[in-house]
Protein chains: 2
Amino acid sequence: MDKKDLFGLCPYVTSQKILSGKWSIYLLYLLKDGPVRFNELKRMMPEEITHTTLSRQLKSLEEEGLIVRKEYSQIPPKVEYFLSEIGNKFDKVLLALGEWGEEYIEFIKEKA
Amino acid sequence: MDKKDLFGLCPYVTSQKILSGKWSIYLLYLLKDGPVRFNELKRMMPEEITHTTLSRQLKSLEEEGLIVRKEYSQIPPKVEYFLSEIGNKFDKVLLALGEWGEEYIEFIKEKA
DNA sequence: ATACCTAGTATCAAGGAGGATACCTATATG
DNA sequence: CATATAGGTATCCTCCTTGATACTAGGTAT
């Protein structure tokens with residue numbers, strides 16, 4: 001293994017990089033049940049996210065191949081985002097992550 | 001759900017924050033088989049990581065409760081890191097992440 | 001005429017994470 | 001005396017991400 005850069009070689013390092021965006025996991029979770037429109041997505045997220053940031057996050061997930069952007073030629077515009085094939089396969093990670101996250105939340109509650 | 005900050009409420013947002021460190025996933029992977037010493041860990045990682053950064057990453061994972069730091073009173077020092085109980089439960093995520101990562105690596109190879 | 005709608009982009013400022021370097025501990029060895 | 005050892009911390013600098021704001025398009029509703 002090349003120790004310089006393990007991206008594209010080590011599955012963990014590769015995954016890490018994909019998930020590095022502040023909202024990537026949450027976005028993949030929100031998209032798992034089918035196409036969602038841009039503003040719809042924005043309304044499902046915490047208020048702190050701006051549409052600039054959401055736009056950028058979606059763009060990079062698209063460039064990485066996890067999601068697909070479908071634009072309808074309408075006025076006002078309509079754009080839908082949904083998971084690609086490889087994005088869909090992420091569901092098992094989401095499931096494990098969801099379960100672990102619940103346990104972790106319990107853990108920090110007990111500790112407090 | 002409080003839309004201001006979902007940390008500690010939504011398992012996905014919570015997990016995202018825990019995994020935000022550049023090396024967190026890889027570190028959890030390296031630690032999954034038992035205690036590892038600091039320099040041992042460093043040698044297993046890509047050369048770009050400095051001991052300063054490794055130290056910080058380990059410290060935050062420790063503060064978040066995922067790993068345990070055990071210090072032996074010796075000269076020269078000996079410090080071992082290993083997964084805590086909740087850190088151990090992360091193994092299912094690692095498994096799913098590892099499999100997905102492999103598939104993703106295949107995916108980008110085909111695309112190129 | 002004006003305002004609103006969606007889904008953006010362009011630009012700038014702020015913050016934080018990471019990396020580089022220097023320094024620390026106390027002992028053993030050459 | 002100098003150096004290596006193991007595992008750190010303190011400080012500074014830089015880059016990247018995020019957030020804030022302003023702007024765009026063309027059609028519809030007031």
Side-chain angles (χ1 to χ4, degrees), chain A residues 3-7 12-13 15-28 30-31 35-64 66-82, chain B residues 3-7 12-13 15-28 30-31 35-64 66-82:
Chain A
K3 301 236 298 181
K4 294 286 181 187
D5 188 6
L6 300 178
F7 183 81
Y12 303 101
V13 172
S15 304
Q16 177 92 67
K17 200 159 185 180
I18 301 295
L19 302 181
S20 66
K22 187 170 173 185
W23 304 102
S24 42
I25 293 176
Y26 197 53
L27 278 172
L28 293 172
L30 291 178
L31 289 171
V36 187
R37 295 183 62 174
F38 183 87
N39 273 348
E40 222 175 332
L41 216 39
K42 185 171 180 331
R43 268 177 244 118
M44 291 193 261
M45 303 194 70
E47 282 164 26
E48 38 170 324
I49 198 174
T50 57
H51 66 279
T52 314
T53 302
L54 179 55
S55 179
R56 273 189 299 232
Q57 299 282 310
L58 289 167
K59 198 172 181 182
S60 66
L61 284 175
E62 192 200 356
E63 283 167 0
E64 289 160 348
L66 293 171
I67 65 175
V68 180
R69 179 181 181 277
K70 184 173 181 186
E71 188 177 349
Y72 295 82
S73 297
Q74 299 181 358
I75 295 292
K78 177 178 173 181
V79 178
E80 282 180 346
Y81 291 91
F82 55 94
Chain B
K3 301 237 298 183
K4 293 287 182 187
D5 188 6
L6 298 179
F7 183 82
Y12 302 100
V13 172
S15 304
Q16 177 91 67
K17 202 159 184 180
I18 301 295
L19 303 180
S20 65
K22 186 170 171 184
W23 305 101
S24 42
I25 293 176
Y26 197 53
L27 278 172
L28 292 171
L30 291 177
L31 289 170
V36 187
R37 295 183 63 172
F38 183 88
N39 274 347
E40 220 174 334
L41 217 39
K42 185 171 179 334
R43 267 177 246 118
M44 290 192 262
M45 304 194 68
E47 282 163 28
E48 36 169 327
I49 198 173
T50 57
H51 66 281
T52 315
T53 302
L54 179 55
S55 179
R56 273 189 299 230
Q57 299 281 312
L58 288 168
K59 198 172 183 182
S60 65
L61 283 176
E62 192 199 356
E63 284 167 358
E64 290 160 347
L66 292 171
I67 65 176
V68 180
R69 180 180 181 278
K70 184 174 180 185
E71 188 176 350
Y72 296 82
S73 297
Q74 299 181 359
I75 295 291
K78 177 178 174 181
V79 178
E80 282 180 346
Y81 292 92
F82 54 94

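In what follows, every chain begins at residue 1, and chains take the letters A, B, ... in the order their sequences are listed.
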If you check the [X] side chain, which of [options] turns out closest?
{"X": "A:Lys22", "options": "D:dG26, C:dA7, D:dT18", "result": "D:dT18"}
{"X": "A:Pro77", "options": "D:dA20, C:dT21, C:dT6", "result": "C:dT6"}
{"X": "A:Arg37", "options": "C:dT6, C:dG19, D:dT18", "result": "C:dT6"}
{"X": "A:Lys59", "options": "C:dT9, D:dG8, C:dG19", "result": "C:dT9"}
{"X": "A:Phe38", "options": "C:dT6, C:dA7, D:dA6", "result": "C:dA7"}
{"X": "A:Asn39", "options": "D:dT11, C:dT6, C:dG8", "result": "C:dT6"}

Between [X] ([atom1]) and [N] ([atom2]), how many Å, whole number?
{"X": "A:Lys70", "N": "C:dA7", "atom1": "NZ", "atom2": "P", "result": "14 Å"}
{"X": "B:Glu71", "N": "C:dA26", "atom1": "CD", "atom2": "C1'", "result": "13 Å"}
{"X": "B:Glu63", "N": "C:dA17", "atom1": "CD", "atom2": "P", "result": "12 Å"}
{"X": "A:Gln74", "N": "D:dG27", "atom1": "CD", "atom2": "P", "result": "13 Å"}
{"X": "B:Leu27", "N": "C:dA17", "atom1": "CG", "atom2": "C1'", "result": "15 Å"}
{"X": "B:Leu58", "N": "C:dG18", "atom1": "CG", "atom2": "C1'", "result": "15 Å"}
{"X": "A:Leu54", "N": "C:dA7", "atom1": "CG", "atom2": "C1'", "result": "10 Å"}
{"X": "B:Trp23", "N": "C:dG18", "atom1": "CH2", "atom2": "P", "result": "10 Å"}

**Report entry** Heavy-atom pair of closest approach, residues B:Ile67 and B:Tyr81
**Finding:**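 Looks like CD1-CD2, 3.9 Å.
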
Review point. Can you name the closest pair of heavy atoms from B:Gln16 and A:Trp23 and give their distance?
Key: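 Smallest interatomic distance, heavy atoms only, reads OE1-C, 3.6 Å.
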
Gap separating the CD1 atom of A:Ile18 from the CG atom of A:Leu28, nearest 0.5 angstrom: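 Between A:Ile18 CD1 and A:Leu28 CG, I get 9.5 Å after rounding to 0.5 Å.
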
Determine whether B:Ser55 and B:Thr52 satisfy the following criterion, side chain to side chain donor-acceptor pair (under 3.5 Å), listing intermediate values before the conclusion.
CA-CA 5 Å; B:Ser55 179; B:Thr52 315; over 6 Å; no

Before giving the answer on side chain to side chain contact (heavy atoms under 4.5 Å, CB included), spell out for A:His51 and A:Asn39 the whole-Å C-alpha distance, their side-chain angles and the decisive distance to 0.1 Å.
CA-CA 8 Å; A:His51 66 279; A:Asn39 273 348; 5.7 Å; no

Check the phosphate of [N] against [X], side-chain N and O only, distance under 4.0 Å to OP1 or OP2. Yes or no?
{"X": "A:Arg69", "N": "C:dA7", "value": "no"}
{"X": "B:Ser55", "N": "D:dT9", "value": "yes"}
{"X": "B:Gln57", "N": "C:dA17", "value": "no"}

Side-chain donor/acceptor of [X] to base of [N], under 3.5 Å:
{"X": "B:Thr52", "N": "C:dT21", "value": "yes"}
{"X": "B:Thr50", "N": "C:dT21", "value": "no"}
{"X": "B:His51", "N": "D:dG7", "value": "no"}
{"X": "A:Arg56", "N": "D:dG19", "value": "yes"}

Heavy-atom nearest nucleotide on DNA chain C for B:Ser20 versus A:Glu40: which residue maps closer to 5'?
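Its nearest nucleotide lies further toward 5', so the answer is A:Glu40.
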
At 4.0 Å (heavy atoms only), tell me whether B:Tyr81 reaches a base, stays on the sugar-phosphate, or touches nothing.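 Counting heavy atoms under 4.0 Å across all strands, the contact made by B:Tyr81 is with sugar-phosphate only.
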
Practice task
Can you tell me the pairing partner of D:dT30 across any strand shown, Watson-Crick or G-U wobble, with both distances under 3.5 angstrom?
Solution key: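 When the pairing criteria are applied, C:dA1 turns out to be the nucleotide that pairs with D:dT30.
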
request  = Report the C-alpha distance between A:Tyr72 and A:Glu80 in whole Å, list the side-chain angles of each, state the deciding distance to 0.1 Å, and finish with yes or no for side chain to side chain donor-acceptor pair (under 3.5 Å).
outcome  = CA-CA 8 Å; A:Tyr72 295 82; A:Glu80 282 180 346; 2.9 Å; yes

